[in-house]
Undergrad: 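One structure follows; several queries about it will come next.
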Protein chains: 2
Amino acid sequence: MTSTNVSASDELGSSAQRERRKRILDATYELAKSGGFDAVQMRAVAEQADVALGTLYRYFPSKIHLLVSALGRQFDEAAVRLHDREIPGDTPAERVLYVLKRMARGMQGDPKLTEALTRAFMFADSSVANEIHVVGMAMTSIVTHAMHGGVPAEDAVTDEDIAIARVIGDVWLSALVAWVTGRSTAAETASHMETAVHLILRD
Amino acid sequence: MTSTNVSASDELGSSAQRERRKRILDATYELAKSGGFDAVQMRAVAEQADVALGTLYRYFPSKIHLLVSALGRQFDEAAVRLHDREIPGDTPAERVLYVLKRMARGMQGDPKLTEALTRAFMFADSSVANEIHVVGMAMTSIVTHAMHGGVPAEDAVTDEDIAIARVIGDVWLSALVAWVTGRSTAAETASHMETAVHLILRD
DNA sequence: GACAAAACTGGAACGTGTTGCTGATTATGC
DNA sequence: GCATAATCAGCAACACGTTCCAGTTTTGTC
């Protein structure tokens with residue numbers, strides 16, 4: 001008997017299970033990318049992933065879990081991509097703004113996808129805590145990495161650095177929500193982030 | 001003919017309309033208070049407000065509008081209550097933390113209500129921009145008022161003050177979401193806010 | 001007070017997230 | 001290779017947000 005809990009983040013499962021899981025997340029990604037939160041309909045995901053509705057629910061117990069898992073995959077990939085790079089900029093503030101803007105550009109290139117994932121993140125409750133934690137850690141890691149200027153050792157990260165990264169992550173999240181929900185433009189969001197980062201990371 | 005737009009925030013309307021609107025918001029408040037977001041069901045609100053479902057939708061075009069309007073009323077009242085008071089504390093950081101903690105106590109006393117209102121706020125899109133703006137202004141006003149220490153003139157509020165207030169509001173919102181969704185405890189939330197405020201408002 | 005316009009009621013109906021069920025299929029242990 | 005348990009497909013059904021409609025009541029105007 002293989003593991004019964006397929007939805008937890010790092011279970012192994014059989015190769016068929018991994019394959020199905022990937023197909024489901026890919027379908028979620030495609031649907032979210034083209035139509036946003038509303039287009040990620042469980043029946044549509046199931047169909048596109050070539051999986052029955054019941055199976056979809058076996059792998060992801062709710063639409064929110066599904067979307068947040070997809071978001072986690074995205075963030076993980078982004079964190080990995082950024083982790084091996086030298087971050088340009090002379091001060092922590094500049095470097096943090098650099099990565100934030102990079103991420104913002106990426107998200108603005110796929111507004112529907114971003115909307116879907118952000119909405120899900122905001123709507124998640126404690127049953128999604130694991131998946132959320134993945135996202136939070138990736139965000140914190142991205143920001144602290146940028147503060148420290150790139151490849152150098154990670155063990156120099158202090159508690160205060162983490163606190164700062166969390167605060168910046170919070171502001172970023174609020175700004176993202178405002179942008180995603182059409183309450184502020186991309187330019188306003190960028191300007192707001194700039195203000196916030198300079199406020200928090202005074203050089 | 002009276003104004004046709006009943007749902008905008010400051011229309012007058014007939015006294016019967018005001019009365020209905022109040023009954024609806026009261027019903028929303030009661031249901032949210034006892035059962036949270038899920039308990040605020042449109043049919044239930046309509047019934048408790050003694051109004052037909054169609055009428056409810058005439059006043060508030062969606063559940064989100066309804067809840068965000070209720071949140072706006074809450075924040076307005078809080079802002080008014082705080083506005084005539086002297087805020088204790090020797091530094092801006094202390095005073096801001098004082099009001100934030102006061103608000104947090106109020107919200108923790110009604111967790112279901114807070115959950116409902118916060119969820120709605122996070123889920124709102126641009127069609128709710130007006131109602132959202134009311135909440136944002138109230139929040140900013142509360143924080144800048146605290147920074148300036150209470151009753152003294154409001155015209156001393158600078159652009160930087162407002163930027164600071166907005167950033168604090170963002171962090172507050174993210175922390176609130178984390179608490180509401182059960183991802184962090186009240187104590188963690190309080191501690192996180194304390195860190196953030198001291199980081200932003202260095203004396 | 002009569003009439004027209006607007007608002008309200010009661011309820012049906014639709015879409016989508018979610019659940020439950022039944023029979024087919026697949027993987028596992030012997 | 002087979003028995004058996006787990007998994008899956010297909011589908012019906014339910015809940016709640018939302019829309020729509022026909023008939024009634026209220027409101028505003030002359």
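Labels below follow one simple rule: chain letters A, B, ... track the order of the sequence lines, proteins then strands, and each chain is numbered from 1.
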Undergrad: When you measure from the side chain of B:A52, which nucleotide among D:dG17, D:dA9, C:dT9 comes out closest?
TA: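 Within the option list, the nearest is C:dT9.
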
Undergrad: Starting from the C-alpha separation in whole Å, work towards a yes-or-no answer on side chain to side chain donor-acceptor pair (under 3.5 Å) for A:H192 and A:T195.
TA: CA-CA 5 Å; A:H192 182 55; A:T195 306; 5.5 Å; no

Undergrad: By nearest atom, which of the nucleotides C:dC8, C:dT19, D:dT18 is closest to the B:R20 side chain?
TA: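 That would be C:dC8.
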
Undergrad: Check step by step if side chain to side chain contact (heavy atoms under 4.5 Å, CB included) holds for B:R183 and A:V128.
TA: CA-CA 9 Å; B:R183 307 200 306 267; A:V128 205; over 6 Å; no

Undergrad: Reckon B:V40 touches a base, only the sugar-phosphate, or nothing at all at heavy-atom distances under 4.0 Å?
TA: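 Sugar-phosphate only.
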
Undergrad: Among the nucleotides D:dC11, D:dT7, D:dC16, which one has an atom lying closest to any side-chain atom of A:R58?
TA: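 Nearest to the side chain of A:R58 among the choices is D:dT7.
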
Undergrad: Go through the N and O atoms of the side chain of B:R43 and the base of D:dT18, and report whether any donor-acceptor pair is under 3.5 Å.
TA: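 Checked by distance alone, the answer is yes.
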
Undergrad: Checking contacts here: which listed nucleotide (D:dA9, D:dG17, C:dG17) is nearest the side-chain heavy atoms of A:T55?
TA: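 The answer is D:dA9.
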
Undergrad: Identify all side-chain donor-acceptor contacts of residues 43-53 of chain A below 3.5 Å with residues at least two apart in sequence or on another chain.
TA:
none

Undergrad: Per the end-axis method with five pairs at each terminus, what is the bend angle of the helix from C:dG1-D:dC30 to C:dC30-D:dG1, to 10°?
TA: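 Rounded value for the end-axis angle: 20°.
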
Undergrad: Rounded to whole Å, please give me the gap between CG in B:L53 and P in C:dC8.
TA: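 Rounding to the nearest Å, CG of B:L53 and P of C:dC8 are 13 Å apart.
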
Undergrad: By nearest nucleotide on DNA chain C, pick out whichever of A:G54 and A:D38 is the more 5' one.
TA: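 The residue whose closest nucleotide sits nearer the 5' end is A:D38.
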
Undergrad: Is there side-chain contact between B:T181 and A:M122, with heavy atoms separated by less than 4.5 Å?
TA: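 Of all side-chain heavy-atom pairs linking A:M122 with B:T181, none is under 4.5 Å.
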
Undergrad: Between B:D26 and B:K22, is there a salt bridge with N-O shorter than 4.0 Å?
TA: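 Yes, this pair counts.
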
Undergrad: Side-chain N or O of A:Y59 versus OP1/OP2 of D:dT7: is the shortest distance under 4.0 Å?
TA: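 Answer no for this pair, as no side-chain N or O of A:Y59 is under 4.0 Å from OP1 or OP2.
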
Undergrad: If you check the A:K63 side chain, which of D:dA9, C:dG17, D:dT7 turns out closest?
TA: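 Given the options D:dA9, C:dG17, D:dT7, the side chain of A:K63 is closest to C:dG17.
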
Undergrad: Rounded to the Å, how far apart are B:L31 CG and D:dG17 P?
TA: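 One finds 11 Å between P of D:dG17 and CG of B:L31, rounded.
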
Undergrad: Aromatic contact between B:F123 and A:F37, with the criterion being ring centroids under 6.0 Å apart: yes or no?
TA: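 Here the rings of A:F37 and B:F123 have centres that are less than 6.0 Å from each other.
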
